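Here's the structure we're looking at; comments come further down.
Every value quoted in this text rests on a predicted model; they were computed, and no experiment measured them. Per chain, numbering begins at 1; letters A, B, ... match sequence-line order.
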Amino acid sequence: MKVNQKQEQSAGEEHLEKLRHSASHIMAEVVQSMFPGARFGIGPTIENGFYYDFDLPRPLTPEDLPVIEAKMREIVKADVPFVRQEMTKEEARKLFASQPYKLELIDDIPDEKVSIYRQGSFVDLCRGPHVDSSGAISAFKLVSIAGAYWRGDEHRPMLQRIYGVAFESQTELEEHLKKLEEAAKRDHRKLGKELDLFSIHDEVGPGLVHWHPKGAAIRCAIEDFWKDEHFKRGYELVYTPHIARVDLWKTSGHWEFYREHLYSPMEVEGQEYIVKPMNCAFHIMMYKTHLHSYRDLPVRFAELGTVYRYELSGVLHGLSRVRGFTQDDAHIFCSFEQLESEVEGVLKLALFMIDTFGFTNYKIMLSTRPEKAAGALEIWDKATEILRRAMEHLHIDFSVDPGEGVFYGPKIDIKFEDAVGRAWQGPTIQVDFNLPQRFNVTYVGEDGQEHLVAMVHRTVLGSMERFLASIIEHYGGAFPVWLAPVQVAIIPVADRHLEYARKLEAGLRQERVRVAVDARSERMNLKIRQAQLDKVPYMLVIGDKEAASSEVSVRLRTGEQLPAQPFDTFKGKLGKVIMDRSKDLRL
RNA sequence: GCCAGCGUAGCUCAGUCGGCAGAGCAGCGCUUUCGUAAAGCGCGGGUCGGGGGUUCGAUUCCUCUCGCUGGCUCCA
């Protein structure tokens, strides 16, 4: 299990932690009383609450939760003290003789002595600390049950886990539950359906996304922007095939190291092909079509490349975890000397993207050499140092994830947070020592000799699918104007206003504004409501007045009403808001 | 893949302790032509996810399977 070392925390946090941990012990006590043969795994504190893993004679069902919760409240009410006791491992082994998981934990503790905590009839191996007595716990709720492998290992028994949340006060608990509700409202799967953005079909297969016109409009806006920004930074756009001979993937090493994510080969004229899981090998092929001088470097190939990877069915999730996705991929071929400035360039681009899309909180991680790794230690150290220097040079705060790099090189990952605090895996920058060697990717240096290139894999959004999921949730479906699938809804008050409405529509289309006329013989109120529900940023209500004066009456999706203005004035101001990619609707 | 739960109309959801399947919204038709968040009336619409079994009879019970949800694990 990976546990991040705790920094020193405030007294409040410490108390909250004790409280949550104590709640998990109380839950375990209840479970023990309900299931005398229960065996116990671990019951730690997590963000917002706690869990405990049990090995029980029967499966838990959701109906068990309120029962357990009620019994927990009795224990809280009884205000039972938590008592700490130290003992030798030998004594502990005797005490937990019938608890195989606890015995395993005892074996793994390096110290001679261990501590246990008792409350009521329940004893648990535990480092602590705990609250003094159960009365200190007031605001908690059991939220879900789940299966969890013992020690996260799929080859070991699956235990039953109960998750709970706990806070210092009832108010905070309720706030948290409200936040969850708010997050559920923004769920991209729900909004994707409501706003008609995308769909996934049983008939087609799980994890395979269909982008509806409105979702595609957002994606197209993102891609246009993405391409512009890459051209500005010296990238060249390429396109590559979707299938390739298995041999290519054998050379790249994917066949060997990545097999469980690859789809089975298909046979074509006696040759085996697979659908691509990555774009890099193709970019290498193109790079190698001619000899490169050091003067040509860096070469930056960018591609919105659609790849397919087999993922376990249980991990698929809306747009954020799928089986077919489009990476905003690029590969940079450069000399080792150029690596630092290239990495800097990518970092700047990535942060620019994050900022443009309106994300303000993000974390940057540097992942270093894992146990199993290709390439010499010395090169790893050098490359890791280069990544570090690039970030320091840009005054970027980052933390180090030791041993979390990919086998072929160190990497930088950026995780950003959306408006409700959910973290998303975004840009990644990976140095690769493996592929240049496997494919012999070289350039001719000043010395006239061939040198292996330094290769960087990078994406600045992640994938179009996952990125769309993040912005749907970030904006709760109310996209900034430049991304909104429909930017302007034109609402004729009565049928006789349709002609003028069509004229406005044509005028806006000329400027590539995404516009929709609601031409139904419905009341204006209904059309406004519809546009509101679709979160269209601007509504132009067109009646006799507007038709007579060539003006438009503008309603914002915020409900704000602007005074009537000449159509051209509106068009000009709208153009500027879109051009500026403004997050503010006001014209 | 594993554990638990779920799958009823395009959508959101009732319902049947085994006996002809329901609402709201959406759709279609007619009436209404309206000034900033839902006009009125009418009409269609379902092998109750799919296969097999038990039963006189299964949407309901059993079983297999597909999919979804929450986790475990993994990751763009």
Side-chain angles (χ1 to χ4, degrees), chain A residues 51 53 56 58-65 143-163 184 187 189-190 193-194 196 199-207 258 260-261 277-279 305-307 309-329 406 413 424-428 430 457-467 469-470 491-498 520-534 539-546 553-557 559-562 564:
Chain A
Y51 68 78
D53 287 344
L56 302 176
R58 71 157 173 90
L60 291 168
T61 70
E63 289 82 65
D64 290 318
L65 293 186
V143 288
S144 63
I145 49 180
Y149 297 111
W150 170 237
R151 302 200 135 181
D153 182 344
E154 61 180 320
H155 303 296
R156 311 206 57 184
M158 180 165 269
L159 308 181
Q160 300 192 64
R161 175 174 298 178
I162 304 179
Y163 283 97
D187 191 311
R189 294 165 302 179
K190 182 174 139 73
K193 205 181 279 183
E194 286 174 6
D196 196 14
S199 58
I200 295 169
H201 303 267
D202 278 17
E203 295 89 333
V204 176
Y258 205 68
E260 71 271 26
H261 290 289
M278 305 208 167
N279 305 304
T306 304
V307 298
R309 299 181 186 174
Y310 170 71
E311 300 289 349
L312 295 177
S313 59
V315 308
L316 300 175
H317 181 93
L319 294 181
S320 62
R321 193 66 188 280
V322 293
R323 285 183 174 160
F325 56 96
T326 300
Q327 290 180 301
D328 66 302
D329 208 358
V406 210
D413 286 315
W424 297 84
Q425 173 65 55
T428 177
Q430 308 180 349
H457 308 251
R458 45 109 285 177
T459 116
V460 294
L461 301 177
S463 75
M464 299 313 295
E465 285 74 11
R466 180 179 286 178
F467 192 71
S470 74
I491 299 175
V493 174
D495 290 347
R496 65 176 176 281
H497 308 120
L498 199 52
R520 296 175 300 172
S521 292
E522 292 287 354
R523 294 171 72 226
M524 176 203 65
N525 276 316
L526 180 86
K527 298 178 186 179
I528 288 174
R529 177 181 154 78
Q530 191 64 57
Q532 285 289 154
L533 292 175
D534 290 343
M539 285 156 248
L540 303 185
V541 176
I542 303 304
D544 289 331
K545 275 185 291 184
E546 289 78 12
S553 151
V554 185
R555 178 193 162 107
L556 308 187
R557 90 182 143 207
E560 199 179 333
Q561 178 73 42
L562 304 185

Whole-Å [atom1] distance, [N] and [M]:
{"N": "B:U65", "M": "B:C13", "atom1": "P", "result": "28 Å"}
{"N": "B:G67", "M": "B:G50", "atom1": "P", "result": "15 Å"}
{"N": "B:C48", "M": "B:U59", "atom1": "P", "result": "6 Å"}
{"N": "B:A39", "M": "B:G46", "atom1": "P", "result": "29 Å"}
{"N": "B:A14", "M": "B:G57", "atom1": "C1'", "result": "25 Å"}
{"N": "B:C56", "M": "B:G40", "atom1": "C1'", "result": "48 Å"}
{"N": "B:C64", "M": "B:C11", "atom1": "P", "result": "28 Å"}
{"N": "B:G44", "M": "B:A26", "atom1": "C1'", "result": "13 Å"}

May I ask you to say what [X] touches in the nucleic acid, namely base, sugar-phosphate or nothing, with a heavy-atom cut-off under 4.0 Å?
{"X": "A:Val322", "value": "base"}
{"X": "A:Asp495", "value": "base"}
{"X": "A:Tyr258", "value": "nothing"}
{"X": "A:Glu311", "value": "base"}
{"X": "A:Arg496", "value": "sugar-phosphate"}
{"X": "A:Gln532", "value": "base"}
{"X": "A:Gly314", "value": "base"}
{"X": "A:Thr459", "value": "nothing"}
{"X": "A:Arg189", "value": "sugar-phosphate"}
{"X": "A:Gly426", "value": "sugar-phosphate"}
{"X": "A:Asp544", "value": "base"}
{"X": "A:Glu522", "value": "base"}
{"X": "A:Lys545", "value": "base"}
{"X": "A:Gln561", "value": "base"}

Taking atom [atom2] of [N] as reference, at what distance in whole Å does atom [atom1] of [X] sit?
{"X": "A:Leu159", "N": "B:C2", "atom1": "CG", "atom2": "P", "value": "17 Å"}
{"X": "A:Phe325", "N": "B:C74", "atom1": "CZ", "atom2": "C1'", "value": "12 Å"}
{"X": "A:Arg151", "N": "B:G71", "atom1": "CZ", "atom2": "C1'", "value": "20 Å"}
{"X": "A:His155", "N": "B:C72", "atom1": "NE2", "atom2": "P", "value": "18 Å"}
{"X": "A:His261", "N": "B:A76", "atom1": "NE2", "atom2": "C1'", "value": "11 Å"}
{"X": "A:His201", "N": "B:C68", "atom1": "NE2", "atom2": "C1'", "value": "14 Å"}
{"X": "A:Leu65", "N": "B:G70", "atom1": "CG", "atom2": "P", "value": "16 Å"}
{"X": "A:Ile145", "N": "B:C72", "atom1": "CD1", "atom2": "P", "value": "14 Å"}

OP1 or OP2 of [N] sitting under 4.0 Å from any side-chain N/O of [X]?
{"X": "A:His317", "N": "B:G70", "result": "yes"}
{"X": "A:Tyr163", "N": "B:C72", "result": "yes"}
{"X": "A:Tyr310", "N": "B:G1", "result": "yes"}
{"X": "A:Arg466", "N": "B:A76", "result": "no"}
{"X": "A:Thr61", "N": "B:A4", "result": "no"}
{"X": "A:Lys190", "N": "B:C11", "result": "no"}
{"X": "A:Arg156", "N": "B:C2", "result": "no"}

Residue among A:Thr326, A:Thr306, A:Asp329 satisfying side-chain hydrogen bond (donor to acceptor under 3.5 Å, both in side chains) with A:Asn279: A:Asp329
Worked check of side chain to side chain contact (heavy atoms under 4.5 Å, CB included) between A:Ile542 and A:Ile491: CA-CA 6 Å; A:Ile542 303 304; A:Ile491 299 175; over 6 Å; no
Out of [options], whichever nucleotide has its closest atom nearest the side chain of [X]:
{"X": "A:Pro62", "options": "B:C72, B:A39, B:G5", "value": "B:G5"}
{"X": "A:Tyr149", "options": "B:U73, B:G35, B:A37", "value": "B:U73"}
{"X": "A:Val493", "options": "B:U36, B:C2, B:G35", "value": "B:G35"}
{"X": "A:Met524", "options": "B:U32, B:A76, B:U36", "value": "B:U36"}
{"X": "A:Arg309", "options": "B:C75, B:G35, B:U36", "value": "B:C75"}
{"X": "A:Ile528", "options": "B:G70, B:U36, B:A76", "value": "B:U36"}
{"X": "A:Glu546", "options": "B:G35, B:G67, B:A37", "value": "B:G35"}
{"X": "A:Leu526", "options": "B:A39, B:A76, B:U12", "value": "B:A39"}

No-hydrogen, no-angle side-chain donor-acceptor test under 3.5 Å, A:Thr428 and A:Asp413: yes
Side chain A:Arg555 and base B:A37 donor-acceptor under 3.5 Å: yes
Does [X] use its side chain to pair, donor to acceptor, with the backbone of [Y] at less than 3.5 Å?
{"X": "A:Arg161", "Y": "A:Ala146", "answer": "no"}
{"X": "A:Arg496", "Y": "A:Gly543", "answer": "no"}
{"X": "A:Gln532", "Y": "A:Arg557", "answer": "yes"}
{"X": "A:Glu311", "Y": "A:Arg321", "answer": "no"}

Does [N] pair with anything, Watson-Crick or G-U wobble, both distances under 3.5 Å, and if so, with which nucleotide?
{"N": "B:U36", "answer": "none"}
{"N": "B:C6", "answer": "B:G67"}
{"N": "B:C75", "answer": "none"}
{"N": "B:C17", "answer": "none"}
{"N": "B:C43", "answer": "B:G27"}

Min side-chain heavy-atom separation A:Ser320-A:Gln425 under 4.5 Å: no
Side-chain heavy atoms of A:Val307 within contact of A:Gln327, under 4.5 Å: yes
Presence of salt bridge, A:Asp153 and A:Arg151, under 4.0 angstrom: no
5' precedence on RNA chain B between A:Pro59 and A:Ala148 (nearest-nucleotide basis): A:Pro59
